[in-house]
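What follows is a set of notes on a single structure, which appears directly below.
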Amino acid sequence: MKVVLLGPPGAGKGTQCKRIIDKYGLLHISSGDIFRAEISAGSELGKKAKDYIDAGQLVPDDVVISMMVGAIEKASGKCVLDGFPRTVVQAEELDKALAANDDRIDAVVNLVVDDAEVASRLTKRRSCPDCGAVYHLDFLKPKVGGKCDNDGVSLVQRDDDKPEVVLNRLKTYHQLTEPLVGYYNGGNSPVLEISAAKAIDDVTTEILKKLSDLQLG
Ligand code: AP5
């Protein structure tokens, strides 16, 4: 089972991926998380990606496609893709790579929420630099203020959650990523439209219900 999560920055893709994974036992493959790990490690890939991410732009397709197709092939069939594909070119290349193995995307979950809501969510997001757990200062608070529930490490704000970078990320989303909804609607993978402006648990309930209706196993 392979599921793609679409939606603007801050729509709740990472938050909801965790819950889909818990339910279906899938692997979470997040292009953003992979880039952040590469940047922390100071790798060549991280150095290539950093300037784009800091500016709220997309990392070039060729860099992302080779990194992600390799990670997906290693996941041996069961994964949720978070943040990839993010352009029509990436989606076409992913489809080609999957088709070569007689495989395809089973469902596309599209989180729909407006720009004002996501901009406000991102300013209050905090995450753990070690394990990647994500919190919100109002809606998903850590048990102890400022510390990760999993490992007690101090939470940080992502550099690309600064207001001016968020504006660029939203612009990039509307220009390059939103057209993917049309791409998938014209293909064979069912697209599940989810209203993501609701409370976190209510969004999860709607996603799991719609996935269950597809009877993917
Ligand atoms: P990436 O890390 O993928 O960032 P993103 O898509 O902008 O998504 P976010 O991680 O910001 O948000 P999310 O939707 O996961 O929301 P979350 O669950 O955290 O990518 C970062 C950068 O890497 C890109 O800008 C680009 O440069 C590069 N990149 C990555 N993939 C690429 C690709 N394929 N091609 C090219 N470049 C690529 O939730 C946000 C906050 O809201 C949290 O605090 C959460 O607790 C809270 N929240 C969640 N749901 C709700 C709710 N229902 N109500 C209230 N609060 C909520």
Side-chain angles (χ1 to χ4, degrees), residues 4-21 28-39 45-46 48-69 71-72 80-94 109-128 132-142 149 155-162 165-178 180 194-207:
V4 164
L5 247 85
L6 292 181
K13 299 182 295 295
T15 303
Q16 297 299 333
C17 271
K18 193 175 169 332
R19 292 152 175 239
I20 298 171
I21 288 158
H28 180 194
I29 306 183
S30 157
S31 44
D33 285 352
I34 297 176
F35 281 133
R36 283 183 285 279
E38 295 286 344
I39 290 169
L45 177 58
K48 264 189 212 164
K50 189 174 184 322
D51 288 347
Y52 294 100
I53 292 175
D54 287 350
Q57 294 167 357
L58 295 187
V59 178
D61 283 336
D62 56 334
V63 175
V64 183
I65 290 165
S66 57
M67 173 181 96
M68 290 302 286
V69 168
I72 293 161
V80 183
L81 302 181
D82 168 5
F84 178 84
R86 218 173 181 108
T87 63
V88 171
V89 171
Q90 291 178 18
E92 288 169 344
E93 291 303 316
L94 173 61
V109 173
N110 184 31
L111 300 181
V112 181
V113 57
D114 67 34
D115 288 8
E117 170 68 20
V118 293
S120 133
R121 282 182 194 175
L122 290 177
T123 59
K124 292 193 171 183
R125 170 166 61 187
R126 298 292 180 271
S127 48
C128 174
V134 173
Y135 301 88
H136 187 279
L137 295 182
D138 299 327
F139 304 121
L140 202 61
K141 296 179 186 176
D149 291 352
L155 301 177
V156 296
Q157 183 168 30
R158 267 170 50 176
D159 285 344
D160 62 347
D161 281 347
K162 289 179 196 135
V165 184
V166 168
L167 278 181
N168 280 342
R169 288 164 64 198
L170 281 168
K171 213 191 293 172
T172 304
Y173 167 77
H174 290 301
Q175 202 183 344
L176 297 172
T177 307
E178 214 169 17
L180 273 180
I194 307 289
S195 163
K198 301 178 291 200
I200 296 175
D201 287 347
D202 295 338
V203 177
T204 308
T205 302
E206 187 180 345
I207 294 173

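The figures that follow rest on heavy atoms only: side chains count, while hydrogens, waters and symmetry mates do not. Counting convention: from 1, in listed order, for ligands and their atoms alike. These numbers come from a predicted model, not from an experiment.
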### Query
Just by distance, do the side chain of R126 and the backbone of L137 share a donor-acceptor pair under 3.5 Å?
no

### Query
Is the side chain of Q16 donor-acceptor paired with the backbone N or O of I200 at a distance under 3.5 Å, no angle test?
yes

Look at ligand 1 and say whether [X] reaches it with a heavy atom at a distance under 4.0 Å.
X	value
A199	yes
R158	yes
G10	yes
R36	yes

### Task
For atom 54 (N) of ligand 1, state which one of R126, R121, K50, Q90 supplies the nearest heavy atom.
R121

Could you tell me whether [X] and ligand 1 have an N or O pair separated by under 3.5 Å?
X	answer
G14	yes
V59	yes
A11	yes
G83	yes
R125	yes
G12	yes

Which residue supplies the protein heavy atom nearest to [atom], what is that atom called, and how far is it?
atom	value
atom 28 (C) of ligand 1	I53 CG1, 3.7 Å
atom 18 (O) of ligand 1	T15 OG1, 2.5 Å
atom 44 (O) of ligand 1	Y135 O, 2.8 Å
atom 13 (P) of ligand 1	K13 N, 3.5 Å
atom 26 (C) of ligand 1	Q57 O, 3.6 Å
atom 51 (C) of ligand 1	I200 CG1, 3.3 Å
atom 56 (N) of ligand 1	F139 CD1, 3.4 Å
atom 6 (O) of ligand 1	R86 NH2, 2.6 Å

What atoms in ligand 1 come closer than 4.0 Å to a heavy atom of [X]?
X	answer
R169	4 (O), 5 (P), 7 (O), 9 (P), 11 (O)
K198	52 (C), 53 (N), 54 (N)
V134	19 (O), 43 (C)

For residues [X] and [Y], determine if any side-chain heavy atom of one lies less than 4.5 Å from a side-chain heavy atom of the other.
X	Y	result
I53	I39	yes
R169	D160	yes
V113	L111	no
I21	V80	yes
V165	D54	no
Y173	D115	no
D201	R19	yes
K18	V134	no

### Query
Quick check: are there more than 12 heavy atoms from other residues, nucleotides or ligands sitting under 6.0 Å from NZ of K198?
yes

### Query
What pair of heavy atoms forms the shortest contact from S195 to V203, and how long is it?
O-CG2, 3.9 Å

### Message
Working note: R158 + R36, criterion side chain to side chain contact (heavy atoms under 4.5 Å, CB included); need CA distance, chi angles, decisive distance, verdict.
### Response
CA-CA 10 Å; R158 267 170 50 176; R36 283 183 285 279; 3.1 Å; yes

